[in-house]
Amino acid sequence: MLDLFNDEAPWTEPLAEGALIIRRLARDRAESLLAAINEIAAGNPFEHRITPGGHRMSVAMTNCGDLGWTSNARGYQYSDREPASGKTWPPMPEHFRHLAIAAAEQAGFPRFNPDACLINRYEPGAKLTLHQDKDEKDFHQPIVSVSLGLPAVFLFGGFERGDATQRVLLEHGDVVVWGGPSRLRFHGILPVKPGIHPLAGAFRYNLTFRRVR
Ligand code: MD3
Ligand code: FE
């Protein structure tokens, strides 16, 4: 029987061709995910990167995995080291990798094996303006995102900056797979509203799993 009122976690919501929201998939695993984020940040602290245009990003970032995403005056880049400290990124924890692979598989991407995990930390007011993710080699590979802590309104646009945007609330434990034609759509995050989350405190965290090379 098709049960339209099944609200047991996780449940899926197709968003667009290639984009699947798996609501609350990571909720039961949030405490260990957050503990691992704190361990990663103990060695490779969250930093507010500078954009090539000279602006300090309101989102603070760190990474784990073979490669990490950074930005500075020279441009955006994936690198095996944190540019200022020269430190390599810590390995991607196996429970991170498993979550990302399982989500990708559920969305129809059975061979996803991420080599990078960007960890974004939003304080109240932090936002991400509309952008495309184009620094990876193969756009046939999806990106898997995991939202933890405070909720945020996600903006999902089209293939050009000026296209209309949909608003989607992303909440604690939500996992989204962005593949197929959705992979190159513009997207962003509206300023996060102040609040206190029982596990994440005054922050929203977002993990994005990527195949870079
Ligand atoms: C749609 N992060 O790190 S996750 C980013 O919540 C980024 O921190 C946001 O955009 C965040 O680049 C959004 C959702 C997301 C991630 C990558 C995408 C949506 C995407 C790539 C293509 C299309
Ligand atoms: Fe992005």
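Order of listing sets the numbers, starting from 1, for every ligand and every atom in it.
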Any donor-acceptor N or O pair under 3.5 Å, side chains R97, N113: yes

Close approach, [X] and ligand 1, non-hydrogen under 4.0 angstrom:
{"X": "F154", "value": "yes"}
{"X": "K127", "value": "no"}
{"X": "F186", "value": "no"}
{"X": "L128", "value": "yes"}

Closest to the Fe ion (ligand 2), which N/O/S atom of [X] is it?
{"X": "H187", "value": "NE2"}
{"X": "H131", "value": "NE2"}
{"X": "D133", "value": "OD1"}

Any side-chain heavy-atom pair of L15 and L20 under 4.5 Å: no

Side-chain heavy-atom pair V144, V175 within 4.5 angstrom cut-off: yes

CD on Q77 to CG on L67, rounded to 0.5 Å: 10.5 Å

Aromatic plane relationship, F154 with W178 - under 30° parallel, 30 to 60° tilted, over 60° perpendicular: tilted

Parallel, tilted or perpendicular: rings of F209 and F96 (30°, 60°): perpendicular

Run the numbers for me: atoms of ligand 1, each under 4.0 Å from some heavy atom of [X], listed by number.
{"X": "S145", "value": "4 (S), 14 (C)"}
{"X": "I189", "value": "6 (O), 9 (C), 11 (C)"}
{"X": "I143", "value": "17 (C), 21 (C)"}
{"X": "R204", "value": "6 (O), 8 (O), 11 (C)"}

Among D133, D115, D138, D135, the one residue meeting salt bridge (Lys or Arg N to Asp or Glu O under 4.0 Å) with R210: D133

Taking [atom] as the reference point, the nearest protein heavy atom with its distance:
{"atom": "atom 21 (C) of ligand 1", "result": "H187 CE1, 3.4 Å"}
{"atom": "atom 11 (C) of ligand 1", "result": "Y122 OH, 3.0 Å"}
{"atom": "atom 19 (C) of ligand 1", "result": "W178 CE2, 3.1 Å"}

If we only count N/O pairs under 3.5 Å, is [X] in contact with ligand 1?
{"X": "R183", "value": "no"}
{"X": "D133", "value": "yes"}
{"X": "R210", "value": "yes"}

Connected via hydrophobic side-chain network under 4.5 Å: L207 and L199: yes

Hydrophobic cluster membership, F46 vs Y78, 4.5 Å side-chain cutoff: no

